[in-house]
Amino acid sequence: MRYFIGNWKMFGVPKSINILNKINSFYSKDKNRKKYRVIITPPYTLIQTYAKYFKKKNIYIGSQNCYQKDQFSSNTAAVSPYMIRQVGAQYTLVGHSDNRSEGDTDIMLKNKVKFALKNNLRVVFCIGENKKDKKNKKTFGVLKRQLTRVLEKNFNVNNIIVAYEPIWSIGTGKIPTKADLENITFYVKKVLKSIFKNKSPAVLYGGSVDGSNVRMFRDLRGIDGFLVGGASKSSKKFIDIIKNYYR
Ligand code: PGA
């Protein structure tokens, strides 16, 4: 199974559902549709409407983040995994670099993953090195730390997906070389297998994915899909990624 996840970030109003309608009609006619799943993570404000609308259709709705507590609490503006699940989301991102840079710590991320899983949300756990780590050849160490400090062996591996998103690649148009990405994915899966009794969750790539570079990723071993930011805000660009991947 491949995953194409569109992360809208701070984008979208109710009528932006048109974008999803177009993706949905492409998917329903696509001969490859059994091979992949489309997940969109709109902002909190749209989850309920979109999840209800697409309930019996082909698009899964997820959240971009969740708070590190289970149900209800007195944290202003926080939204818990329970609340997200109750309005119909089936997935949540955890640990996107945007949120890490705003203060998400490993212990917060661990609680987010724990309570998201407890509330039947599938977790897309994001990891990735910054430009300086890459320059200093620290990538493997950083990724290992990000994985082992948060993921625990008793977490349900079947409900976890890992997204490798090098921070230097997000929104910049820069992507890793094929060789680097193959080595990194192999390494990430090795670390994951050491956590989860020889089982690895799906590992996605994210960072400046578009309709033209996806053809390079297509031939890579070990990449189970993509987390797409910028290009997911246009139905045409997002559909082009899927089309070109299978072409
Ligand atoms: P991008 O974002 O595709 O715009 O680089 C990816 C992400 O932040 O998930």
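Quick note: numbers below take in every heavy atom, side chains included, and nothing from hydrogens, waters or symmetry partners.
Between Ile19 and Trp8 the shortest side-chain heavy-atom distance falls below 4.5 Å. Between Phe115 and Tyr67, every side-chain heavy-atom pair lies at or beyond the 4.5 Å cut-off. Residues Lys112 and Cys66 have side chains in contact (heavy-atom distance under 4.5 Å, counting atoms from C-beta outward). A heavy-atom distance below 4.5 Å is not found between the side chains of Asn99 and Leu93. With contacts defined as side-chain heavy-atom distances shorter than 4.5 Å, the pair Asn111/Ile107 qualifies. Between Tyr82 and Gln86 there is a side-chain heavy-atom pair separated by less than 4.5 Å.
Shown here is Gln90, whose CD atom has more than 12 heavy atoms of other residues, nucleotides or ligands within 6.0 Å. Atom NZ of Lys189 sits in a crowded spot, with more than 12 heavy atoms from other residues, nucleotides or ligands closer than 6.0 Å. For Met1, the CE atom is densely surrounded, since the number of other residues' heavy atoms within 6.0 Å is greater than 12.
A donor-acceptor pair under 3.5 Å links the side-chain atoms of Ser80 to the main chain of Gln71, judged by distance alone. Panel note: side chain Ser28, backbone Ser25; a donor-acceptor pair is recorded below 3.5 Å.
Residue Phe217 forms a ring pair (Phe, Tyr, Trp, His ring centres under 6.0 Å) with just one option from Phe4, Tyr205, Tyr164, and that option is Tyr205. When each of Phe238, Phe54, Tyr3 is tested with Val38 by the rule side-chain contact (heavy atoms from CB on, under 4.5 Å), just one qualifies, namely Phe238.
Note on Asp133 versus Arg145: no salt bridge recorded, every NZ/NE/NH1/NH2 to OD/OE distance being 4.0 Å or above. Using a cut-off of 4.0 Å between Lys/Arg side-chain N and Asp/Glu carboxylate O, Asp240 and Lys236 are scored as salt-bridged.
In the hydrophobic clustering of ILVMFWY residues, with side-chain heavy atoms under 4.5 Å counting as a link, Ile40 and Ile84 come out together. Follow the hydrophobic side-chain contacts under 4.5 Å out from Val162 and you never reach Val142; the two are in separate clusters.
Tyr245 does not carry Arg2 over the face of its six-membered ring by the limits of under 6.0 Å from the centre and within 45° of the normal.
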- Message: One pair to check against side-chain contact (heavy atoms from CB on, under 4.5 Å): Leu109 and Arg100. What are the steps and the verdict?
- Response: CA-CA 9 Å; Leu109 296 174; Arg100 287 179 188 261; 3.5 Å; yes
- When you look at Glu129 and Lys138, which way does the salt bridge (Lys or Arg N to Asp or Glu O under 4.0 Å) test go after all the steps? CA-CA 8 Å; Glu129 83 285 4; Lys138 297 255 167 66; over 6 Å; no
- Task: Start with the C-alpha distance between Ser16 and Tyr50, add both sets of side-chain angles, then the distance that settles side-chain contact (heavy atoms from CB on, under 4.5 Å), and finish with yes or no.
- Result: CA-CA 10 Å; Ser16 316; Tyr50 287 11; 3.5 Å; yes
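Using modelled atom types, one finds no donor on one side chain facing an acceptor on the other under 3.5 Å when comparing Asp30 with Tyr246.
For Phe196 and Phe155, the gap between ring centers reaches or exceeds 6.0 Å.
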